[in-house]
A.B. asks: 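To start, I am sharing the structure in question, which I have written as structure tokens.
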Amino acid sequence: MSLPLNATTVASSGDPGLDAWFIGLGDEFLGRIPVGSLRPRMVEGWRLRWRDRELEIQVDADFPFSAARVYVVGYSRAKAEPHVERDGKLCLATKAVPGDRLLTVQAAIADAIQLLTENETRKHEDDFRDDFGLYWLSWATRSDLRVEVMPGPFGAGKTILGRAVMTGRGMLVFPGQAEAVRVWKNLTGTVPKSFKETPIIAIDPLPAPARYPETAEELWALVEARSQDGVDLLKRLMSNSPKEAVVVLAGKGPSGREHYAAMYLRRPLDSGGKPLNRRSMRKSIDPSKDTARTVFGRFKLDRVATQRTDSSASRLPGGVQNLLSDAKVIIAGCGALGSGVARMLAQAGIEHLRLVDPEDLGWENIRRHELGALAVGTGKAKSLADSIRASLPTIGFVEGYVSTFAAFARQHAEAIEAADLIISCTGEWAADASVENALTRIGQEAVAVYGWMEPHALAAHAVLIGNSGAKFADGFDDHGQFRLPVVAGGKPPPAECGGASTPFGAVELANAQALVARLAIDALRGIVAAPLWRSWLADAAAFREADASFASGWAASRGQPDDMGGPYEDDWTFS
């Protein structure tokens, strides 16, 4: 029997209201839900029968400016279906029809019936495994412990003996001790005092919710049936007679997406509330039985909420993560522009960064620098490297050097030779020239991106230069004056700027940072070729506020910019 969404109502004219519409459904309507039985934050609800199921339609206080929720009554893990949460809520993409109660409810019911019908034909069965991590999180039995897993170089396709470090909120699991030391040191500045051996067992296929282990014995059986050598790690775990342990299952969904799921094992308690001792755990074991399996089966098991420490990688375009993680980048100049570029590149997936800047952070910097007041008086490069490591602890290598680039190049010639890209955000002609000089060495393969801003950040430039052909110096005269500036005139800098810079804010700066970072990533990905020049111009209102105008040379060469400003791209050539 299908639910008639166009059911007649008992009212003959006017807005019949939702109650009247539901009554018009006839025997399928089972009545209103009492207020005391509503789900959290819900204010109204109705119960329906659809085929052999009961459904609840509930709405919150924002309704009808929020979508109606639909729940399956009597839902359980044994009856789990794709796109249905633990409490029976259907995961629907239905949107509210703002202001229309009836249409909003009808849309939710129609989408619910479509999903449930598709589930009956097993259309979404692969969803259990492609979204395994989310279902595991939903059906976790312990909420006060969280396990965070760092995948190894072989991902979820290989069984390994990992190393874990306890944290205030749970456990961090790493593919090896070296990774554990690096990440923990990035997070805390210290080396872990101890490690726990933690099996990470690859299984295929991943289980659906109805097959999630409830007991240690069920976990052993699952590993035995779906893993090549996972049982060997479980036996090793038992040989150490732990009072508690964590086992992580790993696997891939049909689309290749990798997942991890942790289980916490603990000895049962004796009559005094203490964990059973080793002797008691081995008591009365049949000699003909597998001792390790029997002892393992006596442990209590909890399914634990599990996350990947690299889950942000899934937000990047396909293939980009691996390419960027191998790149070696040097950034010269860690001021307002360079510090933002460094953090953007680290967040984009660059795993190897060297940051070079000779200056300390001052109070005048903090409103436009990635570092705040706590870093005032410290070296920009070193403090920025510390900050990136702490906020992105799984990053491979970030090091800061309190040095000019010229000195860095003399002292670390091997780093220059190994670099794929050098980014210069110094804003100083002599410093930029030292970068170009380093790239003229025989055999040097790195390319360079030069980024700088004009007064008041009204314009920003990013130039990609290779190790042959056009030179960055082509755009400047012998005194380091840019041949084609955008900005003419403008207010003088305030006294506290020392005449060395002009004021600008974080909003203007963000455009410049994105301009340079994007060109750097495009160069590393090989989707642009040197020489290339990109510019960003502020809008006309910003120019007026700074008492500045567009330079005549720029307007003659590139055309008069429109009032909205925006991006420009051209070759790095000057007549």
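In this chain, residues are counted from 1 in sequence order.
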A.B. asks: Taking it one step at a time, do Asp229 and Lys235 satisfy salt bridge (Lys or Arg N to Asp or Glu O under 4.0 Å)?
C.D. replies: CA-CA 11 Å; Asp229 47 11; Lys235 290 181 177 180; over 6 Å; no

A.B. asks: Would you say the side-chain atoms of Thr141 pair up with the backbone N or O of Arg303, donor to acceptor, closer than 3.5 Å?
C.D. replies: yes

A.B. asks: Between Met263 and Asp302, is a side chain to side chain contact (heavy atoms under 4.5 Å, CB included) present by the stated rule, with each step listed?
C.D. replies: CA-CA 6 Å; Met263 279 146 291; Asp302 285 301; over 6 Å; no

A.B. asks: Test Phe132 against every option in Tyr135, Phe128, Trp136 by the ring-ring contact (aromatic ring centres under 6.0 Å, His included) rule and name the one that passes.
C.D. replies: Trp136

A.B. asks: Sequence neighbours excluded, which residues qualify as salt bridge (charged side-chain N to carboxylate O under 4.0 Å, His left out) partners of Arg293?
C.D. replies: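 With neighbours one apart ignored, the set is Glu217, Glu224.
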
A.B. asks: Check whether any side-chain heavy atom of Ile331 lies under 4.5 Å from a side-chain heavy atom of Leu353, and answer yes or no.
C.D. replies: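 Yes, close enough: below the 4.5 Å cut-off.
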
A.B. asks: Taking the side chain as every heavy atom from C-beta outward, state whether Met171 and Glu148 have any pair of such atoms under 4.5 Å apart.
C.D. replies: no

A.B. asks: Less than 6.0 Å separating the ring centroids of Trp139 and Tyr212?
C.D. replies: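 Here the rings of Tyr212 and Trp139 have centres that are no less than 6.0 Å from each other.
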
A.B. asks: Which atoms form the tightest heavy-atom contact between Ala523 and Leu464, and what is the distance?
C.D. replies: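 Heavy atoms only, the tightest pair is CB-CD1, 3.8 Å.
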
A.B. asks: For a quick test of your reading: what N or O donor-acceptor pairs under 3.5 Å do the side chains of residues 274-281 make, sequence neighbours left out?
C.D. replies:
from   : atom 1 : to     : atom 2 : distance (Å)
Asn277 : OD1    : Arg279 : N      : 3.2
Asn277 : OD1    : Ser280 : N      : 2.7
Asn277 : OD1    : Ser280 : OG     : 2.9
Arg278 : NE     : Ser241 : OG     : 3.1

A.B. asks: Are any side-chain N or O atoms of Thr198 and backbone N or O atoms of Lys196, one a donor and one an acceptor, separated by less than 3.5 Å?
C.D. replies: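 Such a contact is found between Thr198 side chain and Lys196 backbone.
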
A.B. asks: May I have the step-by-step check of salt bridge (Lys or Arg N to Asp or Glu O under 4.0 Å) for Glu56 and Arg39, ending in yes or no?
C.D. replies: CA-CA 10 Å; Glu56 290 182 352; Arg39 313 286 176 123; 3.4 Å; yes

A.B. asks: Please give me the minimum heavy-atom distance between Gly253 and Leu206, naming the atom from each residue.
C.D. replies: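 Closest heavy-atom pair between Gly253 and Leu206: N-CD1, 4.2 Å.
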
A.B. asks: Does Glu81 form a salt bridge (Lys or Arg N to Asp or Glu O under 4.0 Å) with Arg53? I'd like the steps, not just the answer.
C.D. replies: CA-CA 13 Å; Glu81 298 181 50; Arg53 299 171 181 260; 2.7 Å; yes

A.B. asks: For the residue pair Lys380 and His369, establish whether any side-chain heavy-atom pair is separated by less than 4.5 Å.
C.D. replies: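 A side-chain contact exists here, since the closest heavy-atom pair is under 4.5 Å.
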
A.B. asks: Are any non-hydrogen side-chain atoms of Ile330 and Phe405 less than 4.5 angstrom apart?
C.D. replies: yes

A.B. asks: How close do Ala156 and Tyr260 get, counting heavy atoms only, and between which atoms?
C.D. replies: N-OH, 3.2 Å

A.B. asks: Carefully, step by step, assess Lys382 and Asp357 under the rule salt bridge (Lys or Arg N to Asp or Glu O under 4.0 Å).
C.D. replies: CA-CA 9 Å; Lys382 281 190 171 294; Asp357 195 299; over 6 Å; no

A.B. asks: Would you call Asp87 and Lys89 a salt bridge, using N to O less than 4.0 angstrom?
C.D. replies: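 Looking at Lys89 together with Asp87, the answer is no, because their closest N to O distance does not fall below 4.0 Å.
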
A.B. asks: Apply the salt bridge (Lys or Arg N to Asp or Glu O under 4.0 Å) test between Arg257 and each candidate in Asp126, Asp131, Asp127; give the one that qualifies.
C.D. replies: Asp131

A.B. asks: Do you know which two heavy atoms are closest between Ser403 and Val356, and how far apart they sit?
C.D. replies: O-CG1, 3.2 Å

A.B. asks: Between Thr291 and Arg282, is any pair of side-chain heavy atoms under 4.5 Å apart?
C.D. replies: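 Yes, at least one pair of side-chain atoms sits under 4.5 Å.
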
A.B. asks: Is Arg236 salt-bridged to Asp232, going by a charged N under 4.0 Å from an acidic O?
C.D. replies: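 Salt bridge absent between Arg236 and Asp232.
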
A.B. asks: List for me each residue that meets side-chain contact (heavy atoms from CB on, under 4.5 Å) alongside Ser391, sequence neighbours excluded, and say none if there are none.
C.D. replies: Arg343

A.B. asks: Closer than 3.5 angstrom, by distance alone: can the side chain of Thr294 be matched with the main-chain N or O of Asp290 as a donor-acceptor pair?
C.D. replies: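 Answer holds: yes.
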
A.B. asks: Do Val173 and Met150 make a side-chain contact, defined as non-hydrogen atoms from C-beta onward lying under 4.5 Å apart?
C.D. replies: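 In short, these two side chains do not touch, never coming nearer than 4.5 Å.
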
A.B. asks: State, to 0.1 Å, how close Val70 and Ala112 come at their nearest heavy-atom pair, and which atoms those are.
C.D. replies: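 That would be CG1-CB, 3.7 Å.
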
A.B. asks: Between Arg86 (side chain) and Ala140 (backbone), is there a donor-acceptor pair under 3.5 Å?
C.D. replies: yes

A.B. asks: Run the numbers on Leu234 and Val223 for side chain to side chain contact (heavy atoms under 4.5 Å, CB included), then give the verdict.
C.D. replies: CA-CA 9 Å; Leu234 297 185; Val223 170; 4.1 Å; yes

A.B. asks: For Ser383, does its backbone N or O pair with a side-chain atom of Ser387 as donor and acceptor, under 3.5 Å?
C.D. replies: no

A.B. asks: Would you find more than 12 non-hydrogen atoms of other residues, nucleotides or ligands less than 6.0 Å from Arg266 atom CZ?
C.D. replies: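 Enclosed: over 12 neighbouring heavy atoms sit under 6.0 Å from CZ of Arg266.
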
A.B. asks: Please report the interatomic distance OG1(Thr309) to CG(Leu392), rounded to the nearest 0.5 Å.
C.D. replies: 11.0 Å

A.B. asks: Sequence neighbours left out, cut at 3.5 Å: what donor-acceptor pairs do the side chains of residues 417-425 make with other protein atoms?
C.D. replies:
from   : atom 1 : to     : atom 2 : distance (Å)
Asp420 : OD2    : Lys328 : N      : 2.8
Ser424 : OG     : Asp432 : OD1    : 2.4

A.B. asks: Say whether, by atom type as modelled, one donor and one acceptor occur between the side chain of Asp270 and the main chain of Gly273 under 3.5 angstrom.
C.D. replies: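 Yes, Asp270 side chain to Gly273 backbone: donor-acceptor pair under 3.5 Å.
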
A.B. asks: Looking at Asp522 and Arg534, is there a salt bridge between them, counting it only when a charged N and a carboxylate O are closer than 4.0 Å?
C.D. replies: yes

A.B. asks: Run the side chain to side chain contact (heavy atoms under 4.5 Å, CB included) test on Gln513 and Glu370 for me, step by step, so that the C-alpha distance in whole Å, both residues' side-chain angles and the decisive distance to 0.1 Å come before the verdict.
C.D. replies: CA-CA 11 Å; Gln513 293 170 340; Glu370 290 297 310; 4.1 Å; yes

A.B. asks: Please identify each residue that fulfils side-chain hydrogen bond (donor to acceptor under 3.5 Å, both in side chains) with Thr104, with sequence neighbours left out.
C.D. replies: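 Thr104 satisfies side-chain hydrogen bond (donor to acceptor under 3.5 Å, both in side chains) with no residue once adjacent residues are dropped.
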
A.B. asks: Do the side chains of Arg169 and Asp144 get close enough for a salt bridge, i.e. N-O under 4.0 angstrom?
C.D. replies: no

A.B. asks: Ignoring hydrogens, what is the shortest heavy-atom contact between Ile521 and Ala348? Give both atom names and the distance.
C.D. replies: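 Shortest heavy-atom separation between Ile521 and Ala348 comes out as CD1-CB, 3.7 Å.
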
A.B. asks: Any non-hydrogen side-chain atom of Leu371 less than 4.5 Å from a side-chain atom of Ser339?
C.D. replies: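 Leu371 vs Ser339: side chains apart.
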
A.B. asks: If only atom types and distance count, is the side chain of Thr188 paired as donor or acceptor with the main-chain N or O of Trp184 below 3.5 Å?
C.D. replies: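 Yes.
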
A.B. asks: Answer yes or no: is there a side-chain heavy-atom contact under 4.5 Å between Val329 and Leu524?
C.D. replies: yes

A.B. asks: If we check salt bridge (Lys or Arg N to Asp or Glu O under 4.0 Å) with Arg122, which of these qualifies: Glu120, Glu118, Glu125?
C.D. replies: Glu125

A.B. asks: We want to know whether Tyr264 and Glu244 form a side-chain donor-acceptor pair, criterion being a heavy-atom distance below 3.5 angstrom.
C.D. replies: yes

A.B. asks: Can a donor-acceptor pair be found, under 3.5 Å and without considering hydrogens, that links the side chain of Gln411 to the backbone of Phe408?
C.D. replies: no

A.B. asks: When you measure from the side chain of Glu258 to the backbone of Gly155, do you find a donor-acceptor pair of N or O atoms at a distance under 3.5 Å?
C.D. replies: no

A.B. asks: Counting neighbours of CZ on Arg211 that are heavy atoms of other residues, nucleotides or ligands and sit closer than 6.0 Å, is the number greater than 12?
C.D. replies: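 Check fails, neighbour count at 12 or below.
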
A.B. asks: Holding to ring pair (Phe, Tyr, Trp, His ring centres under 6.0 Å), I want the full list of residues that pass it with Phe154, two or more places apart in sequence or in another chain.
C.D. replies: none

A.B. asks: Output yes when a side-chain donor or acceptor of His124 lies under 3.5 Å from a complementary backbone atom of Pro82, and no otherwise.
C.D. replies: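 Judged by distance alone, no pair lies under 3.5 Å.
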
A.B. asks: Under the criterion side chain to side chain contact (heavy atoms under 4.5 Å, CB included), I'd like the reasoning laid out for Leu137 against Arg146: C-alpha separation, chi angles, the key distance, then a yes or no.
C.D. replies: CA-CA 10 Å; Leu137 185 65; Arg146 183 173 295 274; 4.3 Å; yes

